[in-house]
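To start, the structure under review is shown below, and the notes come after it.
Residue indices begin at 1 and follow the sequence shown. Since this is a predicted model, take the numbers as computed values, not measurements.
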Amino acid sequence: MGSIQSNGLFIPRRVRSSLRETKREVFEYGNGALAHHLLRDAEEMLKDQPNHRTLMACAIIQAIHPTPIRLLASRWEKLHLSTSFPVSLSPRHVSNVLHDTGKNVYWWYDFFSKLMNGSDLLLYDLTAVFTHSEKLVFAERGYNPDHLYYDQISVVMAFSSSDSIPVGMDVFYGSVRDIATIRDFLERLPETKDIGFIFDRGFSSYKLLDDFRKENIHYLVPLKKNSVLFDLRWIRWKDPFLYRERPIRWSVKKTKYGRLYIFEDPVLRGEQDAALLRKLEKSEIDRDTYEEKKQLAGIIGIISDLDKNGIDIYDLYKGRVDVEKAFDAMKNVLEADKTNLQTPESVRGYFFVTFLALRIYFGILKRLREKKLTTKISVEEVLFELSKVVRIVEPNGREYSAKIPKRAMRILELFPEISPMV
């Protein structure tokens, strides 16, 4: 327990710690270096904005491992990037930065316009994000694709079809309709690019198409099945093409809203016909309705001002899967599917950070696609394995890399621009 000295003073026994400390520091290198590299273009464009370093650091952490605001500083300290990228990530400072970032979104659109390539077609869509905050004025009751009536906010995203990467994001009231968001998005976007938009059926509006034609904005919009333009009597089918081993036949004609492209997918026709038969069997539809809807089973109608071959239009339309993947990554990988933030400004700021994190995610995915490795390696695996590429810093300032595991080395070879010095 200790000892008693001759003067009666008790000295407790000193408990020796079993933990041996070293002056050397070990940092994760590969994951932070790659995330920072993929934001270099954004960093250059944002350098005149106050606290841009805080936004960058938050985005890098969110891409690597989504972390609560109170733990951001601790997570940042594990990265070697923190030794050369000084930034304050205290909870109070981060909260203030998010609020300030969301106060005026108009500079966002100058930033977005710089990210967009000329003559690009943007995949544009909207999703709902739930909130449990009772003070958030953005939160409004509205139906979502799951037919749930909850307090939610609407998040829109513009995704480059040529670069396969997000180029714009904004937040709207939860009850705002899809078409209303695109009008606001266009009003805020500087008229510096000859761009166009690829929508889903939620944006099918003849008034919107008229506006686009007047403003010389390109568009590609799938029609709803009840559209008056869906008249199959005029169809003269052209030679079919193969799309991912599925035969597709097509036709095209001019209308006052642009060219109407009609596609027929026999596999999809069988699936939709089977679904209609199940509804008929359950008495959810009558026989007349079944016969009417059966005529359009497997048929996809797309209206566009573009004069292209059918396979090009179909490929652009199918590219919508990228924006759907972006929303899926935003919700399930970056964990932005719900928010407890209290003010509209903070929510906007948070989703700006999420937008930057998505550019990291899709920057990695783009490289995996180029190497045809998407079926073997995920983005999450890349960042996890690269976290094993570490740098050791001695007290005298000397730096060197620890032994890199075999799998991490193979992944590092996919990104030679971040290979550490010996």
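For Asp231 (side chain) and Arg233 (main-chain N/O), a donor-acceptor pair under 3.5 Å exists by modelled atom type. Lys253 places no side-chain N or O within donor-acceptor distance of the main-chain N or O of Ile235, the cut-off being under 3.5 Å. Distance alone, capped at 3.5 Å, places no donor-acceptor pair between the Tyr261 side chain and the Ile300 backbone.
The CG atom of Leu334 sits 11.5 Å away from atom CD1 of Ile64, with the distance rounded to the nearest 0.5 Å. Annotation: the span from Trp250 atom CH2 to Lys238 atom NZ amounts to 5.0 Å, rounded to 0.5 Å. Rounded to the nearest 0.5 angstrom, Ile61 CD1 and Thr67 OG1 are separated by 6.0 Å. Residue Met56 holds its CE atom at 8.5 Å from CG of Leu81, rounded to the nearest 0.5 Å. Rounding to the nearest 0.5 Å gives a distance of 12.0 Å between CD1 of Ile404 and CD1 of Ile411. In this structure, CD in Glu25 is found 13.5 Å from CZ in Arg391, a value given to the nearest 0.5 Å.
Evaluation of the side chain to side chain contact (heavy atoms under 4.5 Å, CB included) rule for Leu34 yields Leu38, Ile364, Val382, Leu386, Phe415, Ile418 as partners, not counting sequence neighbours. For Glu271, the side chain to side chain contact (heavy atoms under 4.5 Å, CB included) partners are Val267, Leu268, not counting sequence neighbours. The side chain to side chain donor-acceptor pair (under 3.5 Å) search around Arg320 returns Asp125, not counting sequence neighbours. Scored by the side chain to side chain contact (heavy atoms under 4.5 Å, CB included) test, Pro240 finds Arg249 as partners (sequence neighbours excluded). Residues passing the ring pair (Phe, Tyr, Trp, His ring centres under 6.0 Å) test with Phe185 are Tyr109, Tyr124, sequence neighbours excluded. A search for ring pair (Phe, Tyr, Trp, His ring centres under 6.0 Å) contacts involving Phe355 returns Phe112, not counting sequence neighbours.
For the pair Leu208 and Ile182, the minimum side-chain heavy-atom distance is below 4.5 Å. Residues Met169 and Met330 form a side-chain contact, since some pair of their non-hydrogen atoms from C-beta on lies under 4.5 Å apart. With a 4.5 Å cut-off on side-chain heavy atoms, Leu412 and Ser419 count as touching. For the pair Leu121 and His218, the minimum side-chain heavy-atom distance is below 4.5 Å. Residues Trp107 and Leu46 have side chains in contact (heavy-atom distance under 4.5 Å, counting atoms from C-beta outward). When side chains are defined from C-beta on, Ser387 does not count as touching Tyr29, because their heavy atoms never get closer than 4.5 Å. For the pair Thr181 and Asp170, the minimum side-chain heavy-atom distance is 4.5 Å or more. Side-chain contact check for Leu414 versus Leu373: some heavy-atom pair is nearer than 4.5 Å.
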key: Derivation of the ring pair (Phe, Tyr, Trp, His ring centres under 6.0 Å) call for Phe212 and Phe203   = CA-CA 12 Å; Phe212 276 13; Phe203 294 86; 9.4 Å; no

query = Hey, mind stepping through Lys114 and Asp110 against salt bridge (Lys or Arg N to Asp or Glu O under 4.0 Å) and telling me if it holds?
reply = CA-CA 7 Å; Lys114 294 174 184 176; Asp110 290 328; over 6 Å; no

task = May I have the step-by-step check of ring pair (Phe, Tyr, Trp, His ring centres under 6.0 Å) for Phe159 and Phe362, ending in yes or no?
result = CA-CA 10 Å; Phe159 194 98; Phe362 277 89; 5.0 Å; yes

inquiry  = Is there a salt bridge (Lys or Arg N to Asp or Glu O under 4.0 Å) between Arg40 and Glu43? Walk through the geometry before answering.
reply    = CA-CA 5 Å; Arg40 289 289 189 184; Glu43 183 178 21; 3.6 Å; yes

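Legend: ring-ring contact (aromatic ring centres under 6.0 Å, His included) pairs involving residues 41-77, not counting sequence neighbours, sorted by first then second residue: Trp76-Phe85. Residue pairs meeting the side chain to side chain donor-acceptor pair (under 3.5 Å) criterion with at least one partner in residues 80-101, sequence neighbours excluded, are Thr54-His93, His80-Glu399. Residue pairs that meet the side chain to side chain donor-acceptor pair (under 3.5 Å) test with at least one member in residues 280-289, sequence neighbours left out, are Asp286-Thr289. Pairs engaging residues 279-316 under the ring-ring contact (aromatic ring centres under 6.0 Å, His included) rule: Phe241-Tyr314, Tyr243-Tyr314, Phe263-Tyr314 [sequence neighbours left out]. The stretch residues 369-394 participates, sequence neighbours left out, in no ring-ring contact (aromatic ring centres under 6.0 Å, His included) pair at all. Listed by first and then second residue, the side chain to side chain donor-acceptor pair (under 3.5 Å) pairs that reach into residues 358-372 are Asp41-Arg359, Asp322-Arg369, Arg367-Glu417, sequence neighbours excluded.
Within 6.0 Å of NZ on Lys293 lie no more than 12 heavy atoms contributed by other residues, nucleotides or ligands. Applying the 6.0 Å contact sphere to NZ of Lys279 captures no more than 12 heavy atoms from other residues, nucleotides or ligands.
In this structure, a donor-acceptor pair under 3.5 Å is present between the side chains of Gln62 and Thr354. Between the side chains of Asp120 and Ser160, at least one donor N or O sits under 3.5 Å from an acceptor N or O. No side-chain donor-acceptor contact under 3.5 Å links Ser304 and Arg259. Side-chain N/O atoms of Arg213 and Tyr219 include a donor and acceptor closer than 3.5 Å.
The pair Arg410-Glu413 does not count as a salt bridge, with every side-chain nitrogen at least 4.0 angstrom from each carboxylate oxygen. Between Glu28 and Arg75 there is a salt bridge, since a side-chain N of the basic residue sits under 4.0 Å from a carboxylate O of the acidic one. A salt bridge is absent between Arg269 and Asp265; no separation between the charged side-chain nitrogens and carboxylate oxygens falls under 4.0 Å.
Closest non-hydrogen pair, Gly301 versus Ile262, comes out as CA-CD1, 3.9 Å. Nearest approach of Leu358 to Ala326, heavy atoms of both residues: CD2-O, 3.7 Å.
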